[in-house]
Protein chains: 2
Amino acid sequence: MDRIEECISFQLGKAYQQITRRAREALAMHGITPVQYATLCVLWERDGLSCADLCARLILDSATMTGIVDRLETAGCVERRRGPDGDRRLSRVYLTASGNTLREPLQAAMDAMNREIDAHLGQAAGAVRRALTAIGASSREAT
Amino acid sequence: MDRIEECISFQLGKAYQQITRRAREALAMHGITPVQYATLCVLWERDGLSCADLCARLILDSATMTGIVDRLETAGCVERRRGPDGDRRLSRVYLTASGNTLREPLQAAMDAMNREIDAHLGQAAGAVRRALTAIGASSREAT
DNA sequence: TACAAGATACTTGTATGCAAGATATATGAA
DNA sequence: TTCATATATCTTGCATACAAGTATCTTGTA
């Protein structure tokens with residue numbers, strides 16, 4: 001394990017870097033970043049989630065989530081609402097009309113990219129997906 | 001591809017996030033970050049490289065490299081030297097005694113982690129490594 | 001030689017990502 | 001009721017990561 005290029009942690013990081021770069025380019029014309037897309041994705045599936053819900057789903061720190069929602073709100077894609085009735089600590093995140101309009105083009109772009117990666121992997125795609133999911137889940141419950 | 005968890009780009013990102021977290025914990029006692037370790041790794045193999053050499057090897061932006069070398073220099077692991085003889089644009093990065101002392105414990109910690117990941121992947125390790133390397137290399141030359 | 005073009009490192013601005021802590025709110029026990 | 005504790009979000013500080021631009025130096029060419 002002398003050369004850094006032979007470390008699986010390095011290989012994983014560079015693969016991630018490359019995919020992120022391509023996603024950034026694919027989404028740039030809409031002014032959305034990859035992480036912002038992931039956040040919108042969860043909201044398209046179920047609107048009005050709290051920041052804590054989004055953090056759990058996207059496996060992100062609450063400090064990171066605050067900034068992401070801040071920028072999505074500034075961009076006019078979502079808005080925070082703190083219900084005067086419910087728990088006033090919670091700030092629920094709701095899609096705006098603009099946020100919903102982005103769904104079709106963004107999902108089309110990202111689906112195309114993900115399909116391309118799968119095609120690139122060929123028969124190994126299933127094994128790679130299982131391996132990545134296993135690594136991602138490993139010892140997260142042990143924390 | 002409705003749920004973000006099913007996108008390979010998301011799975012890749014979360015696997016990377018998990019590995020980075022473990023590497024950060026393994027290196028924290030030495031005050032070194034994962035990227036700083038990768039930089040030292042390259043220098044242990046060949047000392048006195050320029051920033052451009054390090055950028056090419058680690059596939060990083062020169063702006064990122066400046067900050068990493070800054071912090072390694074502040075930590076006393078390396079020092080920059082601009083030869084009065086050679087190309088004065090170049091600033092070569094040299095390991096200090098302290099930087100060399102870190103080699104054994106850091107490589108031991110990271111080798112153990114990488115072996116653990118490989119063991120976790122089992123028979124799929126080879127295919128996963130090849131897939132990650134292929135993704136990492138894809139269309140980088142096309143830029 | 002003198003200048004255009006390229007290379008090298010650095011700076012600035014923005015966006016994650018996490019650690020640590022602050023603030024406001026809710027909830028349970030005494 | 002009242003206070004300790006827990007929760008949800010936000011703030012601050014630091015470390016990547018990249019885009020865009022700057023300053024300095026080198027080199028090829030007229």
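Protein chains get the first letters and strands the later ones, always in sequence-line order, with residue 1 at the start of each.
Side-chain N/O atoms of Ser91(B) and base N/O atoms of dC10(C) include no donor-acceptor pair closer than 3.5 Å. A donor N or O paired with an acceptor N or O is found under 3.5 Å between the base of dT7(D) and the side-chain atoms of Arg89(A).
Ring geometry, Tyr16(B) versus Tyr16(A): the interplanar angle falls under 30°, so the pair is classed parallel (tilted spans 30 to 60°).
Going from atom CG of Leu54(A) over to atom C1' of dT16(C) covers 16 Å, rounded to whole Å. Atom CZ of Arg71(B) and atom P of dA15(D) are 5 Å apart (whole Å). For the pair Arg82(B) CZ and dT24(D) C1', the interatomic distance rounds to 8 Å; values are reported in whole Å. Look at CG on Leu58(B): it is 12 Å from P on dC18(D), rounded to the nearest Å. In this structure, CG of Leu27(A) is placed 16 Å from P of dC18(D), rounded to the nearest angstrom. The CD atom of Gln36(B) sits 14 Å away from the P atom of dC14(D) (whole-angstrom rounding). Between the CZ atom of Arg88(B) and the P atom of dA23(D) there is a distance of 18 Å, rounded to whole Å. A straight line from CE of Met65(A) to P of dG17(C) spans 10 Å, rounded to a whole angstrom.
Between Thr66(A) and Ile68(B), the residue anchored closer to the 5' end of DNA chain D is Thr66(A), taking for each the nucleotide with the nearest heavy atom. Place Thr33(A) and Asp87(A) on DNA chain C by their nearest nucleotides, and Thr33(A) ends up nearer the 5' end. Between Ala63(A) and Leu90(A), the one whose closest nucleotide on DNA chain D sits nearer the 5' end is Leu90(A). Nearer the 5' end of DNA chain C, as judged by each residue's closest nucleotide, is the contact made by Cys51(B), out of Asp61(A) and Cys51(B).
Residue contacts for Thr20(A): at a heavy-atom cut-off of 4.0 Å it reaches no nucleic acid atom on any strand shown. Note on Arg24(B): only backbone sugar-phosphate atoms sit closer than 4.0 angstrom, heavy atoms only; bases stay farther off. Residue-level contact check: Arg80(A) touches the backbone only, with heavy atoms under 4.0 Å from sugar-phosphate atoms and none from bases. At a threshold of 4.0 angstrom between heavy atoms, the contacts of Ala52(A) are confined to the sugar-phosphate backbone, with no base atom among them.
The pair Arg81(B)-Glu79(B) meets the salt-bridge criterion, with a side-chain N (NZ, NE, NH1 or NH2) lying under 4.0 Å from an Asp/Glu carboxylate O. In summary, Arg129(A) and Glu6(B) do not engage in a salt bridge, as defined by a charged side-chain N under 4.0 Å from a carboxylate O. Asp87(A) and Arg92(A) are not joined by a salt bridge, as no carboxylate oxygen comes within less than 4.0 angstrom of a charged side-chain nitrogen.
Using a 4.0 Å cut-off, some side-chain N or O of Gln17(B) falls inside it from OP1 or OP2 of dC18(C). Within the structure, a side-chain polar atom (N or O) of Tyr16(B) is placed less than 4.0 Å from OP1 or OP2 of dA17(D).
Counting all heavy atoms, side chain and backbone alike, Leu106(A) lies closest to His30(A) at CD2-CD2, 3.3 Å. Heavy-atom minimum distance, Leu43(A) versus Leu95(A): O-CD1, 3.6 Å.
Distances from the side chain of Thr64(B) to the nucleotides dT9(D), dA9(C), dA17(D) place dA17(D) closest.
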